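All remarks here apply to the structure that follows.
Nothing fancy with the numbering, it's 1 onward along the sequence. Keep in mind the model is a prediction, meaning the values are calculated, not measured.
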Amino acid sequence: LAPDGDPRRGIDGWRLDVASDIGTAFWRDWRAHVKSLNPHAVILGEVWFPAERFLGAEGFDGQMNYPWATAVTKWLGGEQAYTSAHLARALDQLLGNHPAAELVHMSILGSHDTDRISSMLFNPGRPYDQGRSPRDDPGYQDARPPDEIDRRVILGVALLTLWPGAPMIYNGDEYGVHGGDDPDCRKPIPWPDLGTHPRPDHAPDLAQRERFRAWLRLRQDGVIGPVLRFGAVALQPSRHADVLTLERRLGGHVVRAILNRNRSFIGLEEVLPDGWPTAGWRLVESDEPAAAVPGLRAMIWVGTESAQEGERR
């Protein structure tokens, strides 16, 4: 609480480390105390598994969404046996909480406890946060990843932006920082204002930072932003093993997204779910109608429920 007793000031929220190591009886008391001081303070727990038994009155408003990250990074890494249908089922199973929890989960790809997201995707096929450094696995590649991996990272940022919850970026990912698990994931940030980096392969990638910004700024868009921050989410049946389709809805506005993890263009007619004609819908950041989804790219359209009804008629 702020020194003057004003609950609108002071600490806005809490993120509790290794929260699952302490029983819910403690967290119930903790929640009651925190909310008595500031009813609007958010309480988030670091829980690496689905945290239903810790949510709501049991303690936390939401969790660091490691279960989401585990599924999404496996898909982003391009594992052919883990198709978009597998990902959709995994994500759907994570949507069983109260909407108030879904909207505040800390959506992440990597963190201070994992290898950097770019290196994670450069070393696919390993379990999340296991064997994730050259010390743990001599075959782990810790060199700066190629451009294709940067594109996969941005595909992940697109899904972070489009998914319910609070997108969380581990500081430095936006500059292309790479490396395995501890201690390499905690390298100093290559701040651009410090001048030329002494190691070119560790220099900040300013173009990558702008790609991060372009996606995350959609959350502040006058029309799209509220839908992405507060809207309902529905995963649509996938018509291609490498393409994920989803929809967000709020107050009559609809955002539709197609995410393609394949390296190649895929025609829209191959991936559009039933009832998703694009006539009359605005393709974000493009004035031209699209006939295909580019490789390693996400595309979104914005429309209204009335437009959809008109399509059906």
Side-chain angles (χ1 to χ4, degrees), residues 15-22 44-51 63-82 86-87 90 105-157 159-160 167-192 194 196-209 211-212 261 263 296:
R15 181 269 188 197
L16 289 311
D17 205 36
V18 291
S20 58
D21 288 0
I22 301 177
L44 300 163
E46 184 207 21
V47 181
W48 283 64
F49 50 83
Q63 72 175 114
M64 286 189 71
N65 208 347
Y66 278 109
W68 186 90
T70 300
V72 169
T73 54
K74 186 174 184 178
W75 180 77
L76 288 172
E79 295 184 36
Q80 293 305 300
Y82 194 75
H86 290 104
L87 176 61
H105 284 328
M106 296 172 67
S107 299
I108 60 172
L109 294 168
S111 77
H112 60 288
D113 285 323
T114 73
D115 46 346
R116 286 284 180 169
I117 180 58
S118 59
S119 294
M120 191 186 303
L121 300 183
F122 194 31
N123 292 270
R126 295 167 170 81
Y128 192 84
D129 199 39
Q130 296 181 40
R132 287 292 182 171
S133 77
R135 287 164 297 283
D136 300 322
D137 180 350
Y140 188 93
Q141 302 181 77
D142 62 351
R144 186 154 193 158
D147 290 345
E148 177 186 316
I149 300 301
D150 290 341
R151 295 169 67 191
R152 291 188 182 277
V153 171
I154 293 303
L155 192 60
V157 173
L159 191 49
L160 271 180
M168 307 300 295
I169 305 299
Y170 180 35
N171 198 6
D173 286 349
E174 74 277 23
Y175 289 121
V177 173
H178 63 283
D181 210 339
D182 284 331
D184 290 343
C185 59
R186 305 181 191 234
K187 294 175 184 175
I189 307 302
W191 299 113
L194 295 181
T196 303
H197 200 283
R199 294 181 58 181
D201 60 332
H202 285 70
D205 186 341
L206 301 186
Q208 185 76 334
R209 182 184 67 180
R211 297 183 194 106
F212 269 69
R261 73 168 183 181
R263 296 183 180 90
L296 301 174

Restricting to non-hydrogen atoms, name the atom on His197 and the atom on Pro190 that form the minimum distance, rounded to 0.1 Å.
CD2-CB, 3.9 Å
Are the side chain of Arg152 and the backbone of Phe122 linked by a donor-acceptor contact shorter than 3.5 Å?
no
Decide if atom CG of Asp182 counts as having more than 12 heavy atoms of other residues, nucleotides or ligands within a radius under 6.0 Å.
yes
Measure from the side-chain N and O atoms of Gln208 to the backbone N and O of Leu206, and report whether any donor-acceptor pair falls under 3.5 Å.
no
Check for a donor-acceptor pair, side chain of Arg15 on one end and backbone N or O of Glu46 on the other, with a separation under 3.5 Å.
no
Any side-chain heavy-atom pair of Met64 and Ile108 under 4.5 Å:
yes
Taking the six-membered ring for Trp, are His202 and His178 parallel (under 30°), tilted (30 to 60°) or perpendicular (over 60°)?
tilted
All heavy atoms of Leu109 vs all of Val157, minimum pair found to be CD1-N, 4.1 Å
Side-chain donor/acceptor of Glu174 to backbone N/O of Phe212, under 3.5 Å
no
Please examine the side chains of Asp205 and Arg144, heavy atoms only from C-beta on, and report whether any two atoms are closer than 4.5 Å.
yes
Closest non-hydrogen atom pair between Arg261 and Trp75, with its separation:
NH1-O, 2.9 Å
Could you check if a side-chain atom of Arg132 sits within less than 4.5 angstrom of a side-chain atom of Thr114, using non-hydrogen atoms only?
no
Between Ser133 (side chain) and Asp181 (backbone), is there a donor-acceptor pair under 3.5 Å?
no
Sub-4.5 Å side-chain heavy-atom contact between Asp129 and Tyr66:
no
With a 3.5 Å distance limit and no angle check, can you tell me whether Arg116 reaches the backbone of Cys185 through a side-chain donor-acceptor pair?
yes
Which heavy-atom pair separates Gly179 from Ser119 by the least distance, and what is that distance?
N-OG, 2.7 Å
I would like to know whether Asp142 and Arg135 meet salt bridge (charged side-chain N to carboxylate O under 4.0 Å, His left out); could you show each step before the answer?
CA-CA 11 Å; Asp142 62 351; Arg135 287 164 297 283; over 6 Å; no
Pairwise side-chain contact, Trp68 with Leu160, heavy-atom cut-off 4.5 Å (strictly under):
yes
With rounding to the nearest 0.5 Å, note down the distance linking CD1 in Ile149 to CG in Leu155.
11.5 Å
Nearest atoms (heavy-atom pairs only) where Pro145 meets Ser118:
CG-O, 3.7 Å
What pair of heavy atoms forms the shortest contact from Phe49 to Pro67, and how long is it?
C-CG, 3.5 Å
